There are 2 protein chains.
Amino acid sequence: MTTPGPAGSTPRAKRVDARRNEQTLLEAAAAVFVTDGVDAPVRLIAERAGVGMGTIYRHFPTRPALVAAVYQHQVEALAEAGPALLREAGDPAVALQRWAAGFVDFLVTKHGLAGALGSDTEGVNTLHQYFVDRLVPVCDALLDAALGPKTSGRVSGYMLMRGIGNLCIGGANDPHYDAARLANLLVTGALTGEQHDLDSDAVVAPLR
Amino acid sequence: MTTPGPAGSTPRAKRVDARRNEQTLLEAAAAVFVTDGVDAPVRLIAERAGVGMGTIYRHFPTRPALVAAVYQHQVEALAEAGPALLREAGDPAVALQRWAAGFVDFLVTKHGLAGALGSDTEGVNTLHQYFVDRLVPVCDALLDAALGPKTSGRVSGYMLMRGIGNLCIGGANDPHYDAARLANLLVTGALTGEQHDLDSDAVVAPLR
DNA sequence: TGCCAAGCGGAGCAATGCTCCGTATTGTTC
DNA sequence: GAACAATACGGAGCATTGCTCCGCTTGGCA
C-alpha cells in the first residue's frame, strides 16, 4: 500500500522538483537534528533546506513522520542486527543484551529521539508506530530465544522496547544518568523474571 | 532560606487576600490536574481559580513549581514510607520493591507527572529538583539495606529513581504498557547486579 | 480617613506545529 | 515550440503555549 502500485489508473510519478525537494529536506533535517536535536523547530529545517513550510508538510504529513523518515536506515540496520547477533553470540541472553545496548546507543546518540518516540499523543504518532512495527518482532524473537517459547507471564518484546525507550529519555544534560546501564539492568531483570510478592497497597494507600 | 526568617528587618507577613489566593490556586490546580492531566494549560488553572495569569506567576515562579507545590504532601508521605517499610518488611529487598511500586503508583496516578518530571530543561526544573532532594536519600537508604554498603559499581538511588520515573512516562493511553511491571523488573535487575560482557560496538557500528 | 506597598488581572510577546491559498513550475499534448 | 492542466511551492497566518509587563485595586497601618 505504500508503493504506488498498479491499482486503478496509474497515479503519475512525482515531479522531479518534488523528488529533489524531498531529498533536500531529508538531508537538511538530518543535519539540523545533529546540531539542534530532534526537537528542532520545523521552521529551522525548512530554512536550512531553503524551502517553505508548506513544502515540508506536503512531503511529510506531520513532524514525527519526518523524523521517522530521517532515521529509517538506522532502524532497518538495527532490525537486521537482531538475527545476526543471535547467530554470532553463543548465548541468546547475551545477544539480547547486546541488541538492547545497540538500541540504547542509537537513541541516545540522537538528542531527544527517545522523547519524541514516547509522545504517543492521539495514537497517530508515525514515529512510534514505525519503530514498533519494525523492531518489536525482532525483540520478541530475541526474547523467545533467550527464555524459550512465550509463556503467559513473560514480558513482551513491546513492553521491553518501550521500557528501554523510556529509559533513554533525558540522558543528555545529566552526567549522573546512564541510560545504557539502566537498560542493561532492565534486560537483566527481564531475563531473571519477576518478583511476585509485592502488595503495593500498603505504601500507596496514604498517597491518594 | 525558604522561610522568611528573622534576618534583617521583619519582611511583613503576606496579605490575607494573597494567602487566600495561593490556597485557591493549589486547590484549583489539583482539580484541573485530575481532570486534564498535569500538562493542563496554565490559563485553565487560572480560570478555574477565578484568577488572572499574573496571580499564578506571582505565587509560583514557574509552571513546574506549581506542580511541585500541589504534590508536596504525597512526596512527603512517600519519603516517610521508606524507613517504615524497612522496619516492617523482613527482607530489605522486598521493602525496596514495595517502595518502588508505591512510587510508580503515585506517578501513574497523576497523568503526565512522570513526563513533567523528566523535562529537565535548563537545569532549573523545580519539580525535578524537589523530587530528587526529598526522595533520593530514601531510595539510597533502601538500596544500602538491600545490597550492603555502597560499592563503587552499584547503581545509585538517583539513577534508579530516574529510571523508574522514566518508565512511568506514557503509561496511560496504552493498555499494553505496564509501568509497574517494568519498574519491578528494573529493581530486580538492580538487586541482581549487572551483566558485564557487553561490547555494544558490534551492533552499534553500522548505525552511525 | 488617608496613604501606599502589596497584590491583582489580563493584554501582549515569543515560540511552535500546522493550514491555506495565490503563484510558479513541470511535463504532456498538439 | 506553445498552450494548458496538474502538480508543487512559499510563507503569511491561525491557534496554542508559557511567561512578562504594567496600570488599576485593595488591605491594613497610622
Side-chain angles (χ1 to χ4, degrees), chain A residues 4 8-26 28-29 32-33 36-70 112 115-116 119-122 124-128, chain B residues 4 9-25 28-29 32-33 36-70 112 115-116 119-122 124-128:
Chain A
S9 57
T10 16
R12 191 190 298 229
K14 269 187 179 175
R15 264 165 47 174
V16 286
D17 55 345
R19 260 202 307 276
R20 186 180 47 218
N21 267 331
E22 182 165 335
Q23 198 54 37
T24 308
L25 270 173
L26 283 173
V32 169
F33 289 165
D36 292 53
V38 177
D39 289 332
V42 182
R43 279 169 174 76
L44 201 63
I45 300 168
E47 188 183 358
R48 175 79 162 242
V51 134
M53 299 278 306
T55 304
I56 286 195
Y57 282 93
R58 202 161 323 97
H59 287 287
F60 308 96
T62 172
R63 212 185 161 291
L66 171 59
V67 181
V70 167
S119 67
D120 196 8
T121 333
E122 306 282 321
V124 270
N125 186 331
T126 322
L127 186 55
H128 180 86
Chain B
S9 57
T10 17
R12 191 190 296 232
K14 266 187 179 175
R15 262 165 50 171
V16 287
D17 55 344
R19 259 202 308 277
R20 187 180 46 219
N21 266 331
E22 182 165 336
Q23 198 53 38
T24 307
L25 271 172
V32 170
F33 289 165
D36 291 54
V38 178
D39 290 331
V42 182
R43 279 168 173 76
L44 201 63
I45 299 167
E47 190 183 357
R48 174 78 160 244
V51 135
M53 298 277 307
T55 304
I56 287 196
Y57 281 94
R58 201 159 325 94
H59 288 286
F60 307 95
T62 171
R63 212 185 160 292
L66 172 59
V67 181
V70 167
S119 66
D120 197 8
T121 333
E122 307 281 322
V124 271
N125 185 331
T126 322
L127 186 54
H128 180 86

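What you see is a predicted model, and the numbers here were worked out from it, not measured in a lab. Residue numbers start from 1 in every chain, and the chains themselves are labelled A, B, ... in the order their sequence lines are given, proteins ahead of strands.
As a whole-Å value, the separation of A:Ile45 CD1 from D:dG10 C1' is 17 Å. Taking atom CD1 of residue A:Ile56 and atom P of nucleotide D:dA8, one finds them 16 Å apart after rounding to whole Å. Between B:Arg19 atom CZ and C:dA6 atom C1' there is a gap of 13 Å when expressed in whole angstrom units. Here the P atom of nucleotide C:dG10 and the CD atom of B:Glu47 are 10 Å apart, to the nearest Å. As rounded to whole Å, 14 Å separates atom P of D:dG28 from atom NZ of B:Lys14. Rounded to an integer number of Å, the gap from CZ of A:Phe60 to P of C:dG17 is 16 Å. To the nearest angstrom, C1' of C:dG7 lies 13 Å from CG of B:Leu25. Protein atom OH of A:Tyr57 is 5 Å distant from nucleotide atom C1' of C:dG17, rounded to whole Å.
Within the model, atoms CZ of A:Arg19 and CD of A:Gln23 stand 10.5 Å from one another, a figure rounded to the nearest 0.5 Å. Distance check, rounded to the nearest 0.5 Å: CD1 of B:Ile56 to CD of B:Glu22 gives 11.5 Å. If you take OH on B:Tyr57 and CG on B:Leu66, they are separated by 8.5 Å, rounding to the nearest 0.5 Å.
Here the closest non-hydrogen pair linking B:Arg63 and B:Val38 is NH2-O, 2.6 Å. Nearest heavy-atom pair across B:Thr24 and B:Ala49 is CG2-O, 3.8 Å. Between A:Leu26 and A:Phe60 the shortest heavy-atom distance is CD2-CZ, 3.9 Å.
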Return a table of donor-acceptor pairs under 3.5 angstrom between the side chains of residues 39-47 of chain B and protein atoms on other chains or two or more places apart.
none

Which atom pairs link the protein and nucleotides 21-25 of chain C when you take only N or O atoms and keep those under 3.5 Å?
unit_1 : atom_1 : unit_2  : atom_2 : d
C:dT25 : O2     : A:Arg15 : NH1    : 2.8
C:dT25 : O2     : A:Arg15 : NH2    : 3.1

Check nucleotides 12-14 of chain C for protein N or O atoms closer than 3.5 Å to its own N or O atoms and list the pairs.
unit_1 : atom_1 : unit_2  : atom_2 : d
C:dG12 : O6     : B:Arg43 : NH2    : 3.0

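Listed pair B:His59 / C:dC8 meets the phosphate criterion, a side-chain N or O lying under 4.0 Å from OP1 or OP2. Taking only side-chain nitrogens and oxygens, A:Thr62 comes nearer than 4.0 Å to OP1 or OP2 of C:dC18. Of the side-chain N and O atoms in A:Asn21, one or more sit less than 4.0 angstrom from OP1 or OP2 of D:dC9.
In this structure, A:Asp39 and A:Gly54 both approach DNA chain C, and ranking their closest nucleotides by distance from the 5' end singles out A:Asp39.
Taking the side chain of A:Val16 as heavy atoms from C-beta on, and the options C:dG7, C:dT26, C:dC18, the nearest nucleotide is C:dT26.
When side chains are defined from C-beta on, A:Arg15 does not count as touching A:Arg20, because their heavy atoms never get closer than 4.5 Å.
No donor-acceptor pair under 3.5 Å is formed between the side chain of B:Thr55 and the backbone N or O of B:Val51.
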